[in-house]
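Convention: sequence-line order gives letters A, B, ...; per-chain numbering from 1.
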There are 2 protein chains.
Amino acid sequence: MPDPVPADERRFAEEMGTALAGMGVTPAFGKLLGWLLICEPPAQTSAQLAEALGLSKGSISTGMRLLERTGFVRRVPAPGRGHAYELMPNAMISGTDAAATYAAMRHVTERGLALLAAQGFAEDHDRARRLRINRDFFLFIEEEVPKLIDRFKQENDL
Amino acid sequence: MPDPVPADERRFAEEMGTALAGMGVTPAFGKLLGWLLICEPPAQTSAQLAEALGLSKGSISTGMRLLERTGFVRRVPAPGRGHAYELMPNAMISGTDAAATYAAMRHVTERGLALLAAQGFAEDHDRARRLRINRDFFLFIEEEVPKLIDRFKQENDL
DNA sequence: TTGAATGTTCAGAGAGTTCTGAACTTTCAG
DNA sequence: CTGAAAGTTCAGAACTCTCTGAACATTCAA
């Protein structure tokens with residue numbers, strides 16, 4: 001019988017799941033991430049994860065593949081059969097980029113400006129002001145946030 | 001009979017609704033925001049909004065109250081009866097703060113560290129590394145993003 | 001090569017969310 | 001004061017999303 005999972009740690013994983021759900025991740029995957037942040041050993045097999053978190057084999061499989069594709073997690077060779085999963089060292093830091101969301105917002109605003117332009121309202125026209133300022137803002141964020149993240153990485157030797 | 005709404009503009013509002021849905025706003029409220037970004041005149045009554053976007057009176061009422069509470073929109077006196085709603089000048093810019101999300105993430109990580117500390121693993125212990133780096137990161141973002149936004153405001157005379 | 005362990009897929013149950021529409025309350029012009 | 005317009009509320013229909021579990025596929029130790 002494997003070690004029982006400390007209740008505290010499991011609850012932490014659950015809270016992380018809830019917090020991450022607020023960022024668009026599904027609760028189950030958030031829970032997986034949360035668990036990988038504190039579990040010992042750091043690399044765990046599907047079976048261990050399912051056992052620790054009370055999730056189905058299916059959820060683990062789907063969740064891990066997603067987390068792997070998005071760069072949060074990597075496979076490492078497991079002692080016995082199969083493989084184990086481990087949090088990427090900078091998982092959440094790179095994952096938090098959110099660049100896609102801001103890029104999406106910039107694109108819609110861009111489309112809106114094009115629409116007004118087609119009606120004869122140039123970007124400097126009053127009618128386009130509301131949109132333009134927002135396009136500029138999202139562009140700004142899109143450019144600056146990655147710089148910010150780089151700065152954090154540098155300051156912390158990552 | 002009031003002006004018919006240009007199909008282009010309505011579609012823009014819908015696209016904005018979809019884009020904002022990716023940020024946690026419901027599609028209907030995103031649509032309202034999108035519309036208020038391009039509509040002419042900039043201030044519109046509930047009736048106009050319902051007409052323009054094909055939303056029920058109920059949705060407009062609930063949506064506008066939410067948007068008002070969160071600072072995206074303000075009421076302005078309407079020509080006839082009642083009042084009209086207008087996008088706040090910097091609506092999306094202040095709304096994009098996202099501070100709450102990052103604060104939430106910092107709090108969970110903080111709790112996780114406390115949990116490990118109770119088990120005898122100090123913040124500089126190896127077992128706490130994964131969590132600590134994340135706590136530091138969310139704290140960093142929490143502090144720096146508002147500065148970034150201020151900079152944008154200054155550079156654009158807002 | 002074989003079969004037990006591991007991993008993947010997906011239909012659908014269950015939970016949750018969004019939006020409407022109808023009943024109700026408030027407001028104000030006359 | 002009256003009643004019509006404006007605004008609010010909320011039950012529930014329609015829809016969407018998440019996760020499970022069972023069937024299927026793959027892998028590898030012996």
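Here the C1' atom of nucleotide D/dG7 and the CG atom of B/L49 are 13 Å apart, to the nearest Å. For the pair A/Q48 CD and C/dA5 P, the interatomic distance rounds to 16 Å; values are reported in whole Å. Rounded to an integer number of Å, the gap from CG of A/L66 to P of D/dC19 is 11 Å. Spacing between atom CZ of B/R75 and atom P of D/dA6 amounts to 14 Å, rounded to whole angstrom units. Whole-Å rounding puts the A/L32 CG to D/dT18 C1' distance at 13 Å.
Every residue was checked against the salt bridge (charged side-chain N to carboxylate O under 4.0 Å, His left out) condition with A/R129, not counting sequence neighbours, and none meets it. Shown here are the ring pair (Phe, Tyr, Trp, His ring centres under 6.0 Å) partners of A/F12, two or more places apart in sequence or in another chain: there are none. Considering only residues two or more places apart in sequence or on other chains, A/F29 meets the ring pair (Phe, Tyr, Trp, His ring centres under 6.0 Å) condition with none of them. Residues meeting the side chain to side chain contact (heavy atoms under 4.5 Å, CB included) test with A/K57, sequence neighbours left out: none. Partners of B/F140 by ring pair (Phe, Tyr, Trp, His ring centres under 6.0 Å), not counting sequence neighbours, listed by chain and number: A/F152.
Taking the side chain as every heavy atom from C-beta outward, A/E144 and B/R151 approach each other to under 4.5 Å.
A sub-4.0 Å separation between OP1 or OP2 of D/dT27 and a side-chain N or O of A/H83 is absent. Not one side-chain nitrogen or oxygen of A/R65 sits closer than 4.0 Å to the OP1 or OP2 atom of C/dG7.
The C1' atoms of five pairs define one axis at each end of the helix from C/dT1-D/dA30 to C/dG30-D/dC1, and these two axes lie 20° apart (to 10°).
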- [ ] Spell out protein contact along nucleotides 18-23 of chain C as letters: B when the base is contacted, S when just the sugar-phosphate is, - when no protein heavy atom is under 4.0 Å; keep the 5' to 3' order.
- [x] SSBB--

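Residue pairs meeting the side-chain hydrogen bond (donor to acceptor under 3.5 Å, both in side chains) criterion with at least one partner in residues 11-22 of chain B, sequence neighbours excluded, are A/R111-B/E15, B/R10-B/E14. For the salt bridge (Lys or Arg N to Asp or Glu O under 4.0 Å) condition, the pairs that include at least one residue of residues 112-126 of chain A, sequence neighbours left out, are A/E123-A/R135.
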